[in-house]
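The structure appears right after this line, and notes come after that.
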Amino acid sequence: MAELTLVEAVNDALHTELERDGDVMVLGEDVGRAGGVFRATAGLLERFGADRCVDTPLAEAGMLGAAIGLCMAGFRPVCEMQYDAFSYPCLDQLITHVGRYRWRSGGRMEFPLTIRMPYGGGVRAPELHDDSPEAYYVHTPGIKVAIPSTPADAKGLLAAAIRDPDPVVIFEPKLVYRTARGDVPEGDYVVPLGQARLARAGTDVTLIAYGAMVGVCERAADTLDVSCEVIDIRSLRPLDEGAILASVGKTGRVVIVHEAPRTAGFGAELAALIAEKAIFDLQGPILRVTGYDVPYPYWTIEDSYMPSVDRVAAAVRTLVW
Amino acid sequence: MAELTLVEAVNDALHTELERDGDVMVLGEDVGRAGGVFRATAGLLERFGADRCVDTPLAEAGMLGAAIGLCMAGFRPVCEMQYDAFSYPCLDQLITHVGRYRWRSGGRMEFPLTIRMPYGGGVRAPELHDDSPEAYYVHTPGIKVAIPSTPADAKGLLAAAIRDPDPVVIFEPKLVYRTARGDVPEGDYVVPLGQARLARAGTDVTLIAYGAMVGVCERAADTLDVSCEVIDIRSLRPLDEGAILASVGKTGRVVIVHEAPRTAGFGAELAALIAEKAIFDLQGPILRVTGYDVPYPYWTIEDSYMPSVDRVAAAVRTLVW
Amino acid sequence: MAQAAPELRRVLDGDAPPAGLVERDLLELHRRMVLLRTYDERSVVYHRQGRIGTYAIFWNHEAIQAGATYALSDDDWIFPSYRESAIGLLRGMPVETILQWWRGHPSGWWSPADWNVASICVPIATHVPHAAGLAWGKKLRGEDAVAMAFFGDGATSEGAFHEGVNLAAVMNAPAVFVCNNNGWAISTPLEAQTRAQTLADKAIGYGIPGVRVDGLDVLAVYEAAREAVDRARSGGGPTFIEAVHYRAAPHATADDPSSYIDHERVEAERARECVGQYEVFLKRLGVLTDEHAASVRGDAEALLRAGITAAEAEAPPDPELLFEHAYVDPPANLRHG
Amino acid sequence: MAQAAPELRRVLDGDAPPAGLVERDLLELHRRMVLLRTYDERSVVYHRQGRIGTYAIFWNHEAIQAGATYALSDDDWIFPSYRESAIGLLRGMPVETILQWWRGHPSGWWSPADWNVASICVPIATHVPHAAGLAWGKKLRGEDAVAMAFFGDGATSEGAFHEGVNLAAVMNAPAVFVCNNNGWAISTPLEAQTRAQTLADKAIGYGIPGVRVDGLDVLAVYEAAREAVDRARSGGGPTFIEAVHYRAAPHATADDPSSYIDHERVEAERARECVGQYEVFLKRLGVLTDEHAASVRGDAEALLRAGITAAEAEAPPDPELLFEHAYVDPPANLRHG
Ligand SMILES: Cc1ncc(C[n+]2csc(CCOP(=O)(O)OP(=O)(O)O)c2C)c(N)n1
Ligand SMILES: Cc1ncc(C[n+]2csc(CCOP(=O)(O)OP(=O)(O)O)c2C)c(N)n1
Ligand SMILES: [Mg+2]
Ligand SMILES: [Mg+2]
């Protein structure tokens, strides 16, 4: 066990996986010479060489499209998108090809590529360095999506993604890249996709979140004299429906939290799941605390956009009085 | 009143709006010389000239990006994406600019552009001519989205979109482009965004749909000895929450239908809305009948992918027995 | 030094086939063109008969497809667009496989790994980066396979084309980019697509060689492709080949070009159609007899008859296929709709 | 005929400024460069003092920005990237407006219509199609405004660059594309970005003129821009200008180039930095005195002092702004989060 920050854990996972499997390679803008703008890929170029840690031209769609060809050549590419909002140029390749090519091959070829990117707000950055695009990705068939909130999960989920035979997208909460510290198992360490994490056990209300919002939910729980269960879903697809439904069955009250805009965000899917499969367990409305349906704002007022401890606590109080 | 098909009504709206406002212009691939692959733009080049009905180079992102510049020059561009899945290259411009530029200008500039495209399955076409991408668009802040199911609405909603000061995306259900016929008011005709249409009144179950699925719901209702209310929401953003909640308040039972893949589709948003604001009205689970989380299939089995009368009827029966 | 507007290369005007092509090669090229031609002509009939769906006609594109791929070995990869849907035939893919693709039957979805022929790419130019990546990957593996991508004139306007070719150039990937310049993107003419003198000029911006050949001259296409493949294999990086002709058939069975096409150009192009042009050359060289030509046609027609029969004999697909193939390891709720 | 690898144009080596530039122009250009230089140098200090956020340094890019825009009239539009964040100063935009952008304060979000300066574009190359569309639109309206877009060497790898320039060329739009080739995209060197001999070569693939100028020679940049603007205005369509230099400062305040940059090249480039280079030329011509130079600097510093004071004096923004400006006619549930 070593105590690492979340971004150090990502770096650890990359070293471990490139070490363990010669077919794994890292692609991205500034991942090599600079070691990544967040240092997530630091040391890889020196350790594994320029053929396995590649500074690509500035072209996200070209990078992801090339990764498909690399899969056809037997590689397991790990593509870094430098920031959330700079991944949008790759959506066309993602939707038309990454999510469909295995199907197109009649299930006879595998496309075990990974896309990873820092995401989310609160970092006092200029425009378009703050987005939470997970809904665009998770709505796309053929894709799996996971989002860690702890250093250990950042390593374990990324390792799982790289080893997974299907395309997986990992969103890394940049807000806690360096503030989330924790013990991370050394060497081989995998957190299987599809398993939620019980961040905190409780009896009265279920708070469901992922990424940096898990901490917000935990802090909100601290401020409340209500017993909150906090579920870190970790994996958006495959989704651990059992863990969610079991908790709701116990508490009967739900607050879902994410940074992304509200409309058709992943929180809607969680609410729809519960409204279909646990409707008779519910003792109140399913509430969402989310970003608003507006462009992510200038950072001087971003704290009013981001779901806050107060907003989460207020939502809980409307359910339990 | 003239009896028109849905695609003829689109053509009528374009003629009317280009006639009425010299700033309106149509951009797209094959919209001019060929009049559009579905003939939606037929006659515009001849009537309004090559400066107002423009065959662009084969570049969706370039087209939409240029439309932003055209707005800055005072135009109201109407961009045709030739098919649903061929709109994906423009998502980057949509998310990073179309939805944000007015905000970026401090609310001092307007970007009254329209994007319209044929969408949806069931047309026995090759791959990628069948997608339902509405969730990608409606999740994007700054964008409005509407989807007609009748010829009159196809004209009225498109006219509303073109006259709207904000960017609006219109998805036209190509499955019923030529089979949906109906009276369409001549000349100026606008159907305001944000108003659902009561396609059929009923008392026991509320079926909520849009586009080609409205007809599926109506036919399902015909086969059932249950009184179904069918709501054609027409406008996904702004959304007519009142109409939906009023119907659910009356019936207490809901089935939501769309072609798009289930996970984080717009149906999830509708379910989440109801689970938040009408939870105590519900007498059963909120059900969704949707496309599956798989790539849209080869057309020999597409009928098993598309929500069918049987699947909708079966869902209703699980709610009312 | 990079040269804009390179001359349009032709071979069939002369009497000498490219060095190294023996009589067997010349006849094999002829067989391949006839096979493609027959596939295409029969497909248009099958469509009219309602036996296949909408179909992208490639009549008179056979010289480009047969000529360029003849420079490849079987380990090399082909990345076709819908316009090259039947190019797998040249690798021995069964006729019925391709017919089934156009019939929307799952048995039409071959595994690229079985044939080193990528899936038919429908979204314009998006396969260009795939070819770049495959070529780069083969180079990284120390294998000497080359990737050859086919796309149209309109495709050169797409960002995906730009990013893919640029990446291949930067990585010095063994890739050959074959642009089928048939003058039209459905109804959009070349001059509405680019202001460049020639599409080959785009190569200069990527720092790679760009050549122009007559797209109806199978030997000119072959020769240019062979040079490009040799260069790629020997570490010289990508080449851009512009094969120039004029689309003499509708874009697809659903298209009616009468409103936009230049009918005189179409007539002129039909008069110099590529199979006949090649047969005249072969006869002038005394390599081809009418009997042989007839038997090649007969064989191709027999293959097509057998192919459509086999395709139509296949059982309709099981709807359960919906849930297969999307994932190796599917989420549990996949069937939930 | 299109010419690859055009020579690198310089003017400051000679004794003659471009025809038409009178002494007032030469001094005004100097004032503009000094203003930009002062803005940049002060901003780096303000960042260290925690008075502005992360900042994209444009030290030694002043010749490109001042030189190119001096060829414009006020009706022409400028499309800056983050690297040209302060270019509005050259149109009279208040210093505090730009400082506020970097402070994340809403008063930094100006209206492009007020200055004919588009918003600072953060996603690489995505503003290139905007410039193409604006230029095309002005032409359609019969107005003679030109659009000038600024972007970097790395931007030329993006699909958006390709689609935008191609569309402008096809529409014969009055656009000028100024590529700030500083040799680096953060840590990625030019040779990892393109295999072309020069970035100007890309123009050939779009059928438009491509020129190369020394990016530290303000008069060479101006001259090339003026030719391009005149061409655009007179219906000659777009031009691609490659302004070549070597990034002599970090990419941004957050960046540490020591691991990847060539320190000797940086030293060489600092030795020929663009403001000093121009001052030597002006003094050789007897146009500039030390006194004048000092007063220009003094004025610029005063402007910056006033600017940061004004910026810091502004009230913090009202969080209610979250819900304004997104829509003209917002959906009712906008505040629902
Ligand atoms: C991204 C995308 N946009 C639009 C289309 C619709 N479409 C199909 S073929 C075609 C024209 C392609 O022209 P070209 O590249 O010249 O190839 P050709 O068909 O002439 O062989 C278009 C616009 C598509 N398939 N993909
Ligand atoms: C689409 C997109 N991808 C990635 C980034 C992150 N990024 C910011 S600046 C930069 C390098 C740009 O280099 P260049 O185009 O040469 O311009 P320069 O910064 O040198 O002026 C990158 C990759 C971005 N802003 N947008
Ligand atoms: Mg073509
Ligand atoms: Mg640069």
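In what follows, every chain begins at residue 1, and chains take the letters A, B, ... in the order their sequences are listed.
- Heavy-atom pairs under 4.5 Å with chain D were tallied for P167(B), A73(B), G74(B), P141(B); the largest tally goes to A73(B).
- Two residues are said to be in side-chain contact when any heavy atoms from C-beta on lie closer than 4.5 Å; H130(D) and L70(B) fail this criterion.
- Looking at L239(B), neither its backbone nor its side chain comes within 4.5 Å of chain D, counting heavy atoms on both sides.
- H336(D) touches chain B through its side chain: at least one heavy atom from C-beta onward sits under 4.5 Å away, while N, CA, C and O do not.
- The minimum heavy-atom distance linking R108(B) with D114(D) is given by the pair NH1-OD2, 4.1 Å.
- Among the candidates S111(D), P112(D), A168(D), the residue making the largest number of heavy-atom pairs closer than 4.5 Å to chain B is S111(D).
- Note: K277(B) NZ to N333(D) CG = 6.5 Å, rounded to the nearest 0.5 Å.
- With salt bridges taken as basic N to acidic carboxylate O contacts below 4.0 Å, none links D51(B) and K139(D).
- Looking at E241(B), only its side chain comes within 4.5 Å of chain D, counting heavy atoms on both sides.
- Remark: side-chain polar atoms of Q93(B) are paired, donor with acceptor, to backbone N or O of T126(D) under 3.5 angstrom.
- Both tests do not hold together for R237(B) against Y327(D): distance to the six-membered ring centre under 6.0 Å, angle to the ring axis within 45°.
- One finds the CG atom of L167(D) at 8.0 Å from the CG atom of L27(B) (value rounded to the nearest 0.5 Å).
- Heavy-atom pairs under 4.5 Å with chain D were tallied for M63(B), R52(B), E276(B); the largest tally goes to E276(B).
- A 4.5 Å side-chain heavy-atom check between W109(D) and S105(B) finds every atom pair outside the cut-off.
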Exercise for the section: Verify side chain to side chain contact (heavy atoms under 4.5 Å, CB included) between R104(B) and I120(D), making sure each step is shown before the conclusion. Expected result: CA-CA 9 Å; R104(B) 210 175 268 148; I120(D) 294 167; over 6 Å; no
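- Between D329(D) and K144(B) there is a side-chain heavy-atom pair separated by less than 4.5 Å.
- The minimum heavy-atom distance between T56(B) and M171(D), with the atom names listed, is CA-CE, 4.4 Å.
- Neither the backbone nor the side chain of F111(B) comes within less than 4.5 Å of any heavy atom in chain D.
- Counting only heavy atoms from C-beta outward, the side chains of P123(D) and H97(B) approach each other to under 4.5 Å.
- The line from CE of M109(B) to CH2 of W110(D) is 12.5 Å long, rounded to the nearest 0.5 Å.
- If you measure heavy-atom distances from A332(D) to chain B, you find no contacts under 4.5 Å at all.
- Ranked by heavy-atom pairs under 4.5 Å with chain D, the first of P57(B), G62(B), G142(B) is G142(B).
- For the options A132(D), A113(D), G164(D), heavy-atom pairs under 4.5 Å to chain B are most numerous at A113(D).
- Counting heavy atoms from C-beta outward, W103(B) and E324(D) have side chains that stay 4.5 Å or more apart.
- Comparing G137(D), A326(D), P331(D), S119(D) by how many heavy-atom pairs each has under 4.5 Å with chain B, the most go to S119(D).
- Of the two parts of A118(D), the backbone and the side chain both hold a non-hydrogen atom closer than 4.5 Å to a non-hydrogen atom of chain B.
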Problem - Criterion side chain to side chain contact (heavy atoms under 4.5 Å, CB included) on D23(B) and R141(D), from CA distance to verdict - result: CA-CA 10 Å; D23(B) 290 332; R141(D) 289 211 174 281; 2.8 Å; yes
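- In terms of heavy-atom pairs under 4.5 Å with chain B, the best-connected choice from N166(D), L321(D), L140(D), V122(D) is L140(D).
- Contact check for I68(B) versus H127(D): no side-chain heavy atoms found under the 4.5 Å cut-off.
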